[in-house]
Amino acid sequence: MSRHINRRRFLSYGFAGGALLVAGPALSLSLMDDTDKDDDGLTPFAAIHPDNSMVFYSPSPDMGQGVDTSLAMIFADELDADFDLITPEPMPLMLMRTPEGQLTWKAMPQGAGGSTSVSDGWGPLRAAGASVRRLLMQAAAQQLGVPVDRLQTDKSHVIAPNGDRIPYGSLAAAAASEMLPDGFEPALKPARDRKIVGTAQKNKAALDIVTGKPLYGMDMDYPGAKCAMIARSPYLDGFVESVDDSAARALDGVIDVIVMDRPPLDGNYTYLAAGVAVVAETMWAAKKARDLLEIRWNKGPHAEESSESLNEQCTALLKTEGQIVRNDGDFDAAVAAAATTVTRTYRLPLVSHAQLEPQNCIADIRQDSATMIGPFQSPSGASRAAHAISGIDRLSIDVRYTRLGGGFGRRLTSDHAHEAAFISHKVGMPIRLQWTREDDIAHDFYRPMGHHEMTAAFDTAGKLTAWAHRYAGTPKYYRRGRPQDELFGADLYVDDFPAGRVDNLKMEYHVARSGTPQGSWRAPAHTVNAFVVQSFLDEIAAELGEDPLQLRLRLLGADEELAYGQHGGPVFNTRRLKNVLREAARLGSWGRRMPSGSAQGIAGHFTFGGYCALVADVTLLDGGRFRVDRVSGAIDVGTVVNRAGVLAQMEGGINDGLSAALGQQIQVRGGQVINDNFDSYHMMRMADSVPDIQVHIVESSADPAGMGEMSLPPMAPAVSNAVARAGGRRMRAQPFMAESA
């Protein structure tokens, strides 16, 4: 985006209800020239009130990662605002139509996924904050009769030459009539002058969360909304053959019963599964009526699918030749000439998001307009869902996203919005769709399962001469209309280590067929590939008789920026990964003498532009179990916005990664997902969490990367490596507690 600021349209701003409303830069400034007279509908980043308080409208949904606080910090620092006076709130979805008729963002991209919220907001929010500061200074200059360059700002005040402090709130009305100078470019603060960015700030919503203030989708109310619940097909791609709803309709409070056809089996998905929806006055009436439905299900095309059949399919596929997605040098010749060759296979299961707040959505589909309210990682996806169901112009669809009680990629998909819009459109009234815990676990876009066969070859001097990563598994691109030869892109990142560090590199992909829906789970393929590659490196170190840390540093080679074409690029910096490995080792006192039955394991990974390494201390217990005593981690995510947020995300990711590795797996039998609650889907209990976590944050002047998923990928391999070094079994399959070595 060009840094040239058009003086009239870089910011739309106005005075409404006593507050200066500040709007953000358009995604394409070329669309916002002086001939564009449409100022309708502000897209506010902030409202400055006369009492000097401020509301910051966050463009990224917060699902527990604290991003509304971090983004507010970025904006407030350039504004020179008093951060204690700022309250973040979700920004309604703001779209605009270009002169060519295309829809685009009116403020900036709105959504949360792939750890991009902070990196996406870094530039636009700093520019917006600095520009608003300029408007307020111009208003003060007019009031005082002094040049702007004689004024200063601090903590939501403009400071006059004589030291008098004028609160922003008292300048808001005048600032609304000011214009930015022609050709204005905001003067962004150098790092040394930042007062808020880089500090540790408490989550702005913490008090509201712990005191139960209505924040989440399930808390929301809407005039006249009725409750809807759905009995979804228990069979993968099954559908309703017949339904007897007489008992359900006879129940007090039941309004309607609607059969929902099976979604199309080719092309993009809509809602997830065929089913029967009950609309009632209350959730209790809807649930009771749903339980009274007598449904005859057609089992669909996957009635014989099971976890066992999926594993058998992957095993068989790895005995065949798949799609070669990267092929550097001559792998076969290098292996034939090698002095040492190591081959191992690793297995990972389907995993559920298990978000704390089950899916829900309010939908009111009217004749010419619509309202959608709920926990959406992708608010624009909810808008598309309502449009697909009703045909209503998307600019007439009001989408309000709430705080999310977890997301982790699950709510990037908008199947709950499709369901709610479909039901509201059918019954002609606003509805509140509610899933149960059982619905949420049994109907999910699961993390793909698969088998990974790894091979590494070394010459007599111990130099890595060849590497192969062969994958057979279910593809993440579930009914996305992707060409067959592009499916690998979400499951194998072809520029991941050791790409660029070995002359002969082969990556091979096999598609396992399944009816289970697949989707983004935390850091998609990174959570899987880090376990595979980092576990394999330790097994190589054991074969070569080399220290695992020194092997990693040696294979990473010279300090260099390597081309990285996947998300998180455009470069992968070997120096930064080596640095976090060394810092984690230092913090954890790597190599110190450990008691018998205890050991350390190390792992490091590059994820979405960030670098993280962990050292796990474990102790073996009876019966093949173990305890994680301590984790020492180092993190480099460039410029740190909120130090408290980085620490919280590190700690959360470490425990989340351990929970997934220990016991989580979705099991399929007879074409059905058989997990439906936490008695059969095993989340980590508090007693198994990590009692001691130490974190070193690497200081950096690089632009910030997201922090959302950085510590999760290296956690499982750090633990499995420690268990093996302590004399326990080498865990090549997850979940660890279900593996038979």
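Just the heavy atoms: all of them, side chains too, but no hydrogens, waters or symmetry mates, feed the values below.
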Within a strict 4.5 Å, meaning less than it, do heavy atoms of the Thr474 and Leu350 side chains meet?
yes

Non-hydrogen atoms of Val618 and Val723 that approach each other most closely:
CG2-N, 3.8 Å

More than 12 non-hydrogen atoms from neighbouring residues, nucleotides or ligands closer than 6.0 Å to CZ on Arg586, yes or no?
yes

What I want to check is whether the side chains of Thr607 and Glu709 have a donor and an acceptor closer together than 3.5 Å.
no

Would you say the side-chain atoms of Thr619 and Ser598 include a donor-acceptor pair closer than 3.5 Å?
yes

If you compare all heavy atoms of Ile441 against all heavy atoms of Ser352, which two are closest, and at what distance to 0.1 Å?
CA-OG, 4.2 Å

May I ask you to decide if Glu305's main-chain N or O and Ser309's side chain share a donor-acceptor pair within less than 3.5 Å?
no

Without swapping roles, check the side chain of Gln566 against the backbone of Asp495 for a donor-acceptor pair under 3.5 Å.
yes

N-O pairing of Arg410 and Asp444 below 4.0 Å:
yes

Arg575 vs Glu561, test: salt bridge (charged side-chain N to carboxylate O under 4.0 Å, His left out). Steps then yes/no.
CA-CA 8 Å; Arg575 177 190 58 81; Glu561 287 190 340; over 6 Å; no

Polar contact flag, side-chain donor to acceptor under 3.5 angstrom, Arg447-Gln518:
no

Testing the basics here: between Met731 and Ser720, what is the closest heavy-atom pair and its distance to 0.1 Å?
CE-CA, 3.6 Å

Kindly give the heavy-atom pair with the smallest separation between Ala512 and Cys314, and that separation in Å.
CB-SG, 4.0 Å

Answer yes or no: is there an ion pair linking Glu583 with Lys578, defined by an N-O contact shorter than 4.0 Å?
no

Ion pair Arg669/Glu308, N-O distance below 4.0 Å
no

Determine, for Tyr611 and Arg576, whether the Lys NZ or Arg CZ falls below 6.0 Å from the six-membered ring centre while staying within 45 degrees of the axis.
no

I'd like to know if the side chain of Thr465 reaches the main chain of Ala457, judged simply by a donor and an acceptor atom lying under 3.5 Å from each other, with no hydrogens or angles considered.
yes

Ring centers of His353, Phe408 separated by less than 6.0 Å:
no

Passing option when Arg470 is tested against Glu321, His452, Glu508 for side chain to side chain donor-acceptor pair (under 3.5 Å):
Glu508

Within the 6.0 Å centroid threshold, strictly below: Phe536 and Trp467:
yes

Is Arg552 salt-bridged to Asp538, cutoff N-O under 4.0 Å?
yes

Asp491 versus Tyr471, side-chain donor and acceptor atoms under 3.5 Å:
no

What's the verdict on side chain to side chain donor-acceptor pair (under 3.5 Å) for Arg411 and Gln359, showing C-alpha distance, side-chain angles and the deciding distance?
CA-CA 8 Å; Arg411 301 191 216 258; Gln359 296 283 66; 2.7 Å; yes

Taking all non-hydrogen atoms of both residues into account, name the closest pair between Gly708 and Ser115 and its distance.
N-OG, 3.3 Å

Are the aromatic ring centres of His526 and Phe608 under 6.0 angstrom apart?
yes

Main chain of Gly113, side chain of Thr116: is a donor-acceptor contact present, judged purely on distance under 3.5 Å?
yes

In terms of heavy-atom contacts, Arg326 and Ala499 come closest through NH1-CB, 3.5 Å

Side-chain donor/acceptor of Asp485 to backbone N/O of Leu487, under 3.5 Å:
no

Check whether Arg732 reaches the backbone of Arg344 with its side chain - one donor and one acceptor, N or O, closer than 3.5 Å.
no

Is it true that Glu438 and Arg232 make a salt bridge, defined as a side-chain N closer than 4.0 Å to a carboxylate O?
no

Are Tyr493 and Tyr564, when compared by the centres of their aromatic rings, separated by less than 6.0 Å?
no

Can a donor-acceptor pair be found between the side chains of Glu453 and Thr455 at a distance below 3.5 Å?
no

Under 6.0 Å between the ring centres of His416 and Phe376?
yes

Which of parallel (below 30°), tilted (30 to 60°) and perpendicular (above 60°) describes Phe572 and Phe606?
tilted

Spell out, as yes or no, whether a donor-acceptor pair under 3.5 Å connects the side chain of Asn721 to the backbone of Pro717.
yes

Could you give me the CA-CA distance, side-chain angles and deciding distance for Ser711 and Gln649, then say whether side chain to side chain donor-acceptor pair (under 3.5 Å) is met?
CA-CA 8 Å; Ser711 61; Gln649 288 294 91; over 6 Å; no

